[in-house]
Amino acid sequence: MKKKFYITTAIDYVNASPHLGHAFEKVQADVLARYHRALGEEVFFLTGTDEHGAKIARAAEDAGIPVKKFVDKNAKVFQGLVKALNISNDYFIRTSDKEVHWPGAQKMWKALADSGDIYKKQYKGLYCVGHEAFVTRKDLVDGKCALHKKEPEIIEEENYFFRLSKYSKQIESAIKSDKFRIVPSASKNEILRLLESGLEDVSFSRPSKDLSWGVPVPGDSEHTMYVWSDALVNYLSAIGYGHSDAKSRSNLKRYWPADVQVIGKDILRFHAAIWPGMLLSAEKPLPKILFVHGFISVGGEKMSKSLGNVIDPFSLIEKYGTDAVRYHLLREIPPTNDGDFTYEKFEERYKSDLAKGLGNFTARVVNLGARHIMGSFAPRENRKTKKEIEETWIHYRKSMEEFRFDEALQAVWGLTSYGDKFVDESKLWELPQKDRKKFNLYIAELCTILANIALLLQPFLPETSQAIAKQLGIKLEDKKPRKFKLKKGESLFPMV
RNA sequence: GUCGGUGUAGCUCAGCGGUUAGAGCGCCACCCUCAUAAAGUGGAUGUCGGAGGUUCGACUCCUCCCACCGACACCA
């Protein structure tokens, strides 16, 4: 049986428009999904939206539209982003989906309750009337809410709690032993430090009177599930958890545990502590790898609405194309550290790497070849080229295993640079007149290089890969091309 | 405050005990003309954040300091 690969992204909170950071996460996950598909694995790739909570209910109210309409509208925007980025997800889950998600969330709740890990407790907190919500001490300045300049009231309410403390040790050992691996190690260490002092139980519900926009607690209509008990379960409900039909059961059995869960560093704690705690309580295996990416700043400043520097991925895609945006995010932004975005750097990379690099190399080879060779011809590689290609693949695979997308791309560009040198050193353009046989051999050699580049780039720049394959007259599904038939095409990356 | 991360050429980063510290981009010069006025070759640029220490030898290990970033728990 084929190896399976289940990968998820965090689900996005739909209270605001997507920005470049959202795009970054999707693209990273997509590269992994496509890479594993290319390896022949049976991939299930999940992404989606988190649509519950008082914040959204309030945002909808401010906008003057019913909550359901509000989330439908915003979810569409996020789905639009996924499409615009050419993300190859197999499913898009929405936590407001009563058919698909709710049964899963409620089943999880019952599972936790059956394990004796759900209990009721008085919760005492600082309630800000302005927020219509509890605030933390962090939000206070001189004892007053920083936003509303009012002293918060101390309010007690009864909530359900999840006995997370019980699983502290188990989670710690799973992370330490890498059975539940957290990438990068900085994130792993951060969470281990937290675990050293043990985890506290977490509040898992809110009174329905305060939070009605969410999944009802099973058997207690007075309470609504709070974010963790609801949202985290999406990773399971999307593959059938909570459903008893045959297909759901087999999907769940087939795909869980997730092989990689991609998240941002802001939600590390929830995915590395609460989520594994829930899974342990429900007697489900833990995900294999939690991959934590950093944030994107803009010109050294935090991307934020108040600074007005939010980068809109849609307009970037519209101007430069999907693959150019994908390339930039994967090549320029380090996979697990914070990265910086500026339009200047974007254009610089676009010009040097894409237009003058890959695009120009492809054009010079295909144009020259197509002009002089009409028929089809077989691939060829001399010893040096063969070695170059092999080494590129080794470097590339190693980088992919380490989630170093930037390094993998660097390796591919080494191959285009090799090809450019090959053209120059052989003075390829003189050969049709001087040595026709040699010319044919060299073109075959260069096409072999290009075919490998197309294959290497498949997970990263799917459209570009296809475009190269089309100009070479090959099919990428064949893995190893048997013969080429050149056809001049459009510029891969026109100068803008 | 505590804990952690980062600090290497103008930019993005690699190197992490051992010859004159590297790559790509950018810059300058040369050169080719097949190609998207692209490619190729050569070159300049670094007190490897600072100060001490360990060592025959440190960008690489230790201590202290500085700068930036993050976490410090329920952010509803």
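We name chains A, B, ... by the order of the sequence lines, and we start the count at 1 in each one.
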* To do: Considering only atom C1', compute the distance from B/rA58 to B/rC74 and round it to an integer number of Å.
  => 46 Å
* Could you state the CG-P distance from A/Leu431 to B/rU33, rounded to the nearest angstrom? -> 13 Å
* Asked: Out of A/Trp109, A/Tyr119, A/Tyr226, which one pairs with A/Tyr160 under the ring pair (Phe, Tyr, Trp, His ring centres under 6.0 Å) rule?
  -> A/Trp109
* To do: Name the nucleic acid region contacted by A/Phe270, choosing base, sugar-phosphate or nothing; use a 4.0 angstrom heavy-atom cut-off, strictly under.
  => base
* **Separation of B/rU6 C1' from A/Ile333 CD1 (nearest whole Å)** => 16 Å
* Determine, for A/Arg193 against A/Glu196, whether the closest basic-nitrogen to carboxylate-oxygen distance falls under 4.0 angstrom. => no
* **Gap between atoms CD and C1', on A/Gln410 and B/rG15 respectively (whole Å)** => 13 Å
* **Spacing of the P atoms in B/rG15 and B/rG49 (rounded, Å)** => 15 Å
* Would you say the side chain of A/Glu344 and the base of B/rC11 hold a donor-acceptor pair, judged only by whether the two atoms sit under 3.5 Å apart? -> no
* Spell out protein contact along nucleotides 34-43 of chain B as letters: B when the base is contacted, S when just the sugar-phosphate is, - when no protein heavy atom is under 4.0 Å; keep the 5' to 3' order. => BBB-SBSS--
* A/Lys188 NZ - B/rG5 P separation (whole Å) -> 14 Å
* **Interatomic distance where CD belongs to A/Glu347 and P belongs to B/rU12 [whole Å]** => 18 Å
* Does A/Arg193 put a side-chain nitrogen or oxygen below 4.0 Å from OP1 or OP2 of B/rU2? -> no
* Give a yes or no on whether A/Glu463 atom CD has more than 12 heavy-atom contacts from other residues, nucleotides or ligands under 6.0 Å away. => yes
* **Sugar-phosphate, base or nothing in reach of A/Asp201, heavy atoms under 4.0 Å** => base
* To do: Mind checking A/Leu199 for me? I need base, sugar-phosphate or nothing, with any heavy atom below 4.0 Å counting as a touch.
  => base
* Structure fact -> Whichever of A/Gly53 and A/Gly198 has the more 5' nearest nucleotide on RNA chain B, that residue is A/Gly198
* Anything under 30° is parallel, anything over 60° is perpendicular, the rest tilted; go ahead and classify A/Phe162 against A/Phe204. => parallel
* Quote, to the nearest angstrom, the P distance that separates B/rC66 from B/rC28. => 41 Å
* Evaluation steps, side-chain contact (heavy atoms from CB on, under 4.5 Å), between A/Lys121 and A/Asn159 -> CA-CA 6 Å; A/Lys121 192 174 94 174; A/Asn159 286 166; over 6 Å; no
* **Distance in angstrom units between A/Ile118 CD1 and B/rC74 P, rounded** => 19 Å
* Please step through side-chain contact (heavy atoms from CB on, under 4.5 Å) for the pair A/Phe422 and A/Asn382, ending with a clear verdict. => CA-CA 12 Å; A/Phe422 190 100; A/Asn382 66 24; 4.3 Å; yes
* Asked: Can you tell me how far P in B/rA38 sits from the matching atom in B/rG26, rounded to whole Å?
  -> 10 Å
* Using the C1' atom on both, measure B/rA51 against B/rA67 and round to a whole Å. => 15 Å
* Asked: Does atom NZ of A/Lys351 have more than 12 heavy-atom neighbours, drawn from other residues, nucleotides or ligands, at distances under 6.0 Å?
  -> no
* Asked: Expressed as a whole number of Å, how far does the C1' atom of B/rC11 sit from that of B/rC31?
  -> 27 Å
* To do: Determine the interatomic distance between P on B/rC65 and the same-named atom on B/rC75; round to the nearest Å.
  => 35 Å
* Select base, sugar-phosphate, or nothing to describe what A/Pro334 touches, counting heavy atoms under 4.0 Å on all strands. => sugar-phosphate
* Given the P atoms of B/rU63 and B/rG24, what is the spacing between them in whole Å? -> 36 Å
* So, are A/Asp435 and A/Lys427 salt-bridged, with charged N and O less than 4.0 Å apart? -> no
* Structure fact -> From the list A/Phe361, A/Tyr327, A/Tyr396, A/Phe460, ring pair (Phe, Tyr, Trp, His ring centres under 6.0 Å) with A/Trp413 holds only for A/Tyr327
* Under 3.5 Å, side chain of A/Thr95 to main-chain N/O of A/Glu51, donor-acceptor pair present? -> yes
* **Stretch residues 323-331 of chain A: residues that reach within less than 4.0 Å of RNA chain B through a heavy atom** => none
* **Rounded interatomic separation in angstrom, taking NZ from A/Lys427 and P from B/rC31** => 13 Å
* Structure fact -> RNA chain B in dot-bracket form (Watson-Crick or G-U pairs under 3.5 Å, [ ] crossing, | inter-strand) is ((((((((.[[[[.)..(...]]]].((((.........)))).....[[[[[..)....]]]]])))))))....
* Asked: How about A/Glu402: does its CD atom have over 12 heavy atoms from other parts shown lying under 6.0 Å from it?
  -> yes
* Asked: More than 12 foreign heavy atoms under 6.0 Å from CD of A/Glu158: is that the case here?
  -> yes
* Asked: Which nucleotide, B/rU33, B/rC74, B/rA14, lies nearest any side-chain atom of A/Arg404?
  -> B/rA14
* Check the distance between B/rC25's C1' and A/Glu332's CD and give it to me in whole angstrom. => 9 Å
* Structure fact -> Checking A/Tyr13, A/Trp102, A/Trp228 against A/His52 for ring pair (Phe, Tyr, Trp, His ring centres under 6.0 Å), the one that qualifies is A/Trp102
